[in-house]
Amino acid sequence: MASVDDADSAAASSSAGGSAAASGGLVLRVQNFKSFRGLHEVALSESLTAVVGPNGSGKSNLLEAMCFVLGDTSKELRSTKVGDVVTHGSTGLSFVELVCGGTTLRREPTKYAYNGRKQTRQGYEKVLREKLGVAARNFVVGQGEVESLSRRSAVELGHLLEELNGAGLKEAYDVGFAAKEDAEKTCEAAASNRKTLARELRDAKAQKREAQDLERQKAVLKKKYKEIALWDVARLRSELEGKRDKLHKCQTVLAAIDAADAELSRQLEDTTTTTEEEEVFSWEESEEKKKTTKKKGLGGSQRQNKK
């Protein structure tokens, strides 16, 4: 909370600042900011304002107050955190306010306001960028920055010029450049894929032609095999017919041989029977002759005996 003295001084400085702003200049109000304890108001002319003083008098802190109200971070204000900008030991409210014409920018360590309306940090930065077109880095040259600029590369100087001009194209350029590189990589990959696909297509067409040739050769070979098989069947049928004729002739000859054999067997049987009968008849005839001879012999002996 601000003290009564702070409130009174703020009201007095507000009226003084209003008159300075009405005259066409800038008014910078600083309260409990770094080395500025209490409320202080500095009127800045449109042409040139020089702030002079011995070392440690707060010249740099005054410049940093300007940067603070225009959105610089604690790192750019030679502080480790935003709370370090508050004057050590002060109990009143700490803020920096910049008045220019009908526009009032006000910033506290954790609060932001534009023309008396509270803003978020993002909203405050948007107001600075879009409505006012300003940023602290656009016009502030800090200690040691001249020497630092002389050591920067051409690319870094180009980025700095864009930032100073308020173009704000670096981020868009980086995004576009990254998109360009991604598109080039995509195109290269697509071209490589196209070459690969073209090669695979050629290989596939060659394989297709080879497969078609094999199918034609297979059809020709199948036809040849069929012709050979039909020729073999015809040849076997012809051979079979010839063998059937030979078999028929052989069967005819065999039947004739069987008939002749049967006739010979019959004749042999008849011959054997006739021979046996003749032998029996001859034996009987021989026995009859023997009997007759014997009888004749006996009759002659009897006759001799009678004599």
Side-chain angles (χ1 to χ4, degrees), residues 122 126 152-159 161-163 167-293:
Q122 291 78 10
K126 185 176 181 181
R152 295 192 182 188
S153 65
V155 175
E156 292 174 338
L157 289 175
H159 294 166
L161 288 175
E162 288 184 355
E163 183 179 352
L169 299 178
K170 180 180 180 301
E171 183 177 355
Y173 173 82
D174 292 339
V175 173
F177 186 78
K180 171 180 170 291
E181 290 186 338
D182 292 340
E184 288 178 349
K185 291 179 180 179
T186 303
C187 290
E188 290 177 358
S192 177
N193 291 336
R194 182 179 179 181
K195 291 180 180 179
T196 302
L197 291 174
R199 183 172 58 254
E200 292 178 352
L201 181 61
R202 289 195 301 270
D203 294 341
K205 288 182 177 179
Q207 292 176 0
K208 181 180 179 180
R209 289 193 296 269
E210 184 178 356
Q212 290 174 346
D213 292 340
L214 290 175
E215 287 295 330
R216 285 193 292 268
Q217 293 177 8
K218 183 179 178 181
V220 172
L221 188 61
K222 185 177 180 180
K223 183 178 180 180
K224 293 295 183 183
Y225 279 147
K226 185 177 181 179
E227 291 176 355
I228 292 172
L230 292 174
W231 184 84
D232 286 339
V233 170
R235 180 178 57 82
L236 292 174
R237 284 180 177 177
S238 178
E239 291 178 357
L240 181 60
E241 292 297 330
K243 289 182 178 180
R244 282 179 177 175
D245 293 341
K246 290 181 180 180
L247 179 60
H248 180 68
K249 291 178 181 180
C250 290
Q251 289 176 345
T252 302
V253 173
L254 183 59
I257 292 173
D258 290 340
D261 183 64
E263 181 64 24
L264 290 175
S265 297
R266 186 182 61 76
Q267 292 177 2
L268 180 60
E269 185 178 355
D270 293 342
T271 302
T272 302
T273 302
T274 303
T275 303
E276 289 178 353
E277 290 179 350
E278 289 178 352
E279 287 179 355
V280 172
F281 178 75
S282 297
W283 181 79
E284 289 179 350
E285 185 177 3
S286 176
E287 287 295 325
E288 194 65 36
K289 287 180 179 181
K290 286 181 181 181
K291 288 180 181 181
T292 303
T293 304

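Between the CG atom in L230 and the OH atom in Y225 there is a gap of 15.0 Å [rounded to 0.5 Å]. For the atom pair CG (D182) and NZ (K180), the distance works out to 10.5 Å, reported to the nearest 0.5 Å. Distance check, rounded to the nearest 0.5 Å: CD1 of I257 to CG of L264 gives 11.5 Å.
Atom CD of E263 sits in a crowded spot, with more than 12 heavy atoms from other residues, nucleotides or ligands closer than 6.0 Å. Shown here is E210, whose CD atom has no more than 12 heavy atoms of other residues, nucleotides or ligands within 6.0 Å. For R266, the CZ atom counts as densely surrounded, since its 6.0 Å shell holds more than 12 non-hydrogen atoms of other residues, nucleotides or ligands.
In this structure, the side chains of Q217 and L214 come closer than 4.5 Å at one or more pairs of heavy atoms.
In this structure a side-chain-to-backbone donor-acceptor pair under 3.5 Å is present from T196 to S192. Judged by distance alone, with hydrogens and angles left aside, the side-chain atoms of N193 form a donor-acceptor pair with the main-chain N or O of A189 at under 3.5 Å. Of the possible polar contacts, none joining the S238 side chain to the A234 backbone as a donor-acceptor pair under 3.5 Å is found.
Salt-bridge formation is not detected for the pair E241/R237: no Lys NZ or Arg NE/NH1/NH2 atom is positioned less than 4.0 Å from an Asp or Glu carboxylate oxygen.
The side-chain contact (heavy atoms from CB on, under 4.5 Å) check on V155 picks up S153, H159, with sequence neighbours excluded. For E239, the salt bridge (charged side-chain N to carboxylate O under 4.0 Å, His left out) partners at least two apart in sequence or on another chain are R235.
Screening E200, R199, K205 for a side chain to side chain contact (heavy atoms under 4.5 Å, CB included) with R202, the sole residue that qualifies is R199.
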